[in-house]
There are 2 protein chains.
Amino acid sequence: MNAISHSEENYLKTVFHLGADGKQAVATNAIARSMKTKPSSVTDMMQRLGEKGLVNYRKYRGVSLTEAGKRAALSIIRKHRLWEVFLVEKLNFSWDEVHDVAEQLEHIKSEKLVDLLDQHLGFPQYDPHGDPIPGKDGNYPSREKQLLSQLPVNTKGICIGVKDSSASFLKYLDKNRISLGDKIHILEREDFDNSLLVTVADTEMRVSHQIAANLYLKIL
Amino acid sequence: MNAISHSEENYLKTVFHLGADGKQAVATNAIARSMKTKPSSVTDMMQRLGEKGLVNYRKYRGVSLTEAGKRAALSIIRKHRLWEVFLVEKLNFSWDEVHDVAEQLEHIKSEKLVDLLDQHLGFPQYDPHGDPIPGKDGNYPSREKQLLSQLPVNTKGICIGVKDSSASFLKYLDKNRISLGDKIHILEREDFDNSLLVTVADTEMRVSHQIAANLYLKIL
DNA sequence: AAATAAATTTAGACAAATCTAAAAATATGT
DNA sequence: ACATATTTTTAGATTTGTCTAAATTTATTT
């Protein structure tokens, strides 16, 4: 019944994200790269998490989350995303500034705090980047969504999320007046550089492949 | 220019409180007792904080805060108290439940977060226990206040704070309908047990010395 | 003022989380 | 399939924050 440490929580979260939301096994190196730490540190930690029953660890074979590990990861992600909503909706942070602060807030331990925060925010379903917020009970709503870059010409959809939520990408979207909820219509694809001509909320513009490969649409 | 660690912040805060708001030197043992740690751990930490220029440490002579240490302590206390206001005002925590959560939240590092939180709360001057909130610039407003137990019969005042902010004391106050802002009139003192007969918001009641020694009044 | 008590510090150990360097296992290419 | 490259693990060291036990300093008492 040992508590999960700050650091352990970060590893669990990473394993969850890298392993397609806890479904696949993840390589040691991938975790190290993603967390900017060394593979040897990852090995140490995975052995510890294995002993705690939070991951399935087999030497040289990578790790996957156990049910307990998945539950723990979802709880952290839930907190992270609720705090992001708070920062944007209540404190007027912009969506490109919330990540680092939420990264700290997600580790605060108090079930009551999370419940009351959820209520205060009106039980939001999505965070400011369009990612779904796991439920208190651990259910994780997945929505059908597709990358703009993978859709055929003439598709119409609603922009519902971003794949990359780095500050630089989000600022780029702001500058180009692309927001979640906007209606997007794909007019043509340029074979040369894979850029797209689209309308975003009825404004025509050209978006690079880089951009299109990081925007999620719900097809209409 | 080393950052101040979570643990170092807790020690600074304790030295501030035990040393009459950073004015007096504090003994090693007092710190250990207050933090439920061992004197040897305190010595270690005080030597480290001394090297960082946050406390004046002289072997066997106790420690006091330097100006830099005082500034750091006030910044943590400011965050603690702002978060307490948030928890009570925005999330509907009761005043006896906020301490442990605020103890965690006070360590979140983001100047922007603190500024926007302060604004969101309407720049509050006092926390839910009546303690003043240090300013962004480090100024620490002290208010004239006196313990109910130390005032003569017939004094009238407003209840403006508590000395002990333990959950059990605060719950006791709730149960007896004593709140911050209430007008208190001292009717008589019982020599036998030092209890007082008072009116609290026009309701007559008897309060024990224990209670009176933990309630701060502003004399009218 | 010497003896005793109390407070404080030092020395050495430990756990967590990390690192570097070297060894071992797995994967890849021709 | 064998040599080479890549990935992963182990071994040993480091830092932070803590502890216990012993030594030292300061305070108190008679």
Side-chain angles (χ1 to χ4, degrees), chain A residues 1-16 18-19 24-65 69 72-73 76 103-104 106-109, chain B residues 1-16 18-19 24-65 69 72-73 76 103-104 106-109:
Chain A
M1 206 64 289
N2 293 315
I4 300 175
S5 77
H6 193 111
S7 186
E8 287 169 342
E9 288 188 344
N10 285 331
Y11 278 95
L12 289 173
K13 203 177 42 157
T14 301
V15 174
F16 183 89
L18 291 179
Q24 298 172 19
V26 181
T28 302
N29 260 4
I31 298 169
R33 209 174 314 121
S34 164
M35 299 186 70
K36 286 163 185 176
T37 180
K38 301 295 163 188
S40 56
S41 308
V42 175
T43 299
D44 280 357
M45 183 55 92
M46 290 309 128
Q47 293 176 342
R48 228 171 319 142
L49 291 176
E51 280 163 25
K52 285 198 177 189
L54 296 167
V55 301
N56 302 115
Y57 172 70
R58 281 158 49 233
K59 275 192 186 182
Y60 297 102
R61 292 279 108 122
V63 284
S64 58
L65 292 174
I76 302 154
E103 201 92 315
Q104 297 180 64
E106 73 191 4
H107 298 292
I108 303 291
K109 280 167 184 63
Chain B
M1 203 69 285
N2 293 315
I4 300 175
S5 77
H6 193 112
S7 186
E8 287 168 342
E9 290 188 343
N10 285 331
Y11 278 95
L12 289 173
K13 201 177 44 156
T14 300
V15 174
F16 183 89
L18 291 179
Q24 298 172 20
V26 181
T28 303
N29 260 5
I31 299 169
R33 209 175 313 121
S34 165
M35 299 186 70
K36 285 165 186 172
T37 179
K38 302 295 164 189
S40 56
S41 307
V42 176
T43 299
D44 280 356
M45 184 55 91
M46 290 309 127
Q47 292 177 340
R48 230 173 316 146
L49 291 176
E51 281 162 26
K52 286 198 177 188
L54 296 166
V55 301
N56 303 114
Y57 172 71
R58 282 159 49 234
K59 274 191 185 184
Y60 298 103
R61 293 278 106 123
V63 284
S64 58
L65 293 175
I76 302 154
E103 201 92 316
Q104 297 180 65
E106 72 191 4
H107 298 293
I108 303 293
K109 280 166 183 65

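Each chain gets a letter, A, B and so on, in the order the sequences are listed, and its residues count up from 1. Keep in mind the model is a prediction, meaning the values are calculated, not measured.
R58(B) has its CZ atom 11 Å from the P atom of dT26(D), to the nearest Å. Rounding to whole angstrom units, CD of residue Q47(B) and P of dG17(D) are separated by 14 Å. What separates CG of L49(B) from C1' of dT16(D) is a distance of 13 Å, to the nearest Å. Spacing between atom CZ of R61(A) and atom C1' of dT7(D) amounts to 11 Å, rounded to whole angstrom units. Put simply, NZ on K59(B) is 18 Å from C1' on dA27(D), counting in whole angstrom units.
Remark: K52(A) NZ is packed, more than 12 non-hydrogen atoms of other residues, nucleotides or ligands lying under 6.0 Å away.
Across the interface with DNA chain C, nearest-nucleotide mapping of H6(A) and Y60(A) shows H6(A) to be the residue nearer the 5′ end.
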L12(A) and V55(A): CA distance, side-chain angles, deciding distance, side-chain contact (heavy atoms from CB on, under 4.5 Å) verdict: CA-CA 8 Å; L12(A) 289 173; V55(A) 301; 4.2 Å; yes

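Between the side chain of S34(A) and the backbone N or O of A30(A) there is no donor-acceptor pair closer than 3.5 Å.
Within 4.0 Å of S7(B), counting heavy atoms only, lie sugar-phosphate atoms of the nucleic acid but no base atom.
Of the residues in residues 30-42 of chain B, those with a non-hydrogen atom less than 4.0 angstrom from any atom of DNA chain C are P39(B), S40(B).
Put simply, chain A comes within 4.0 Å of DNA chain C, heavy atom to any atom, from dA16(C) to dA27(C), going 5' to 3'.
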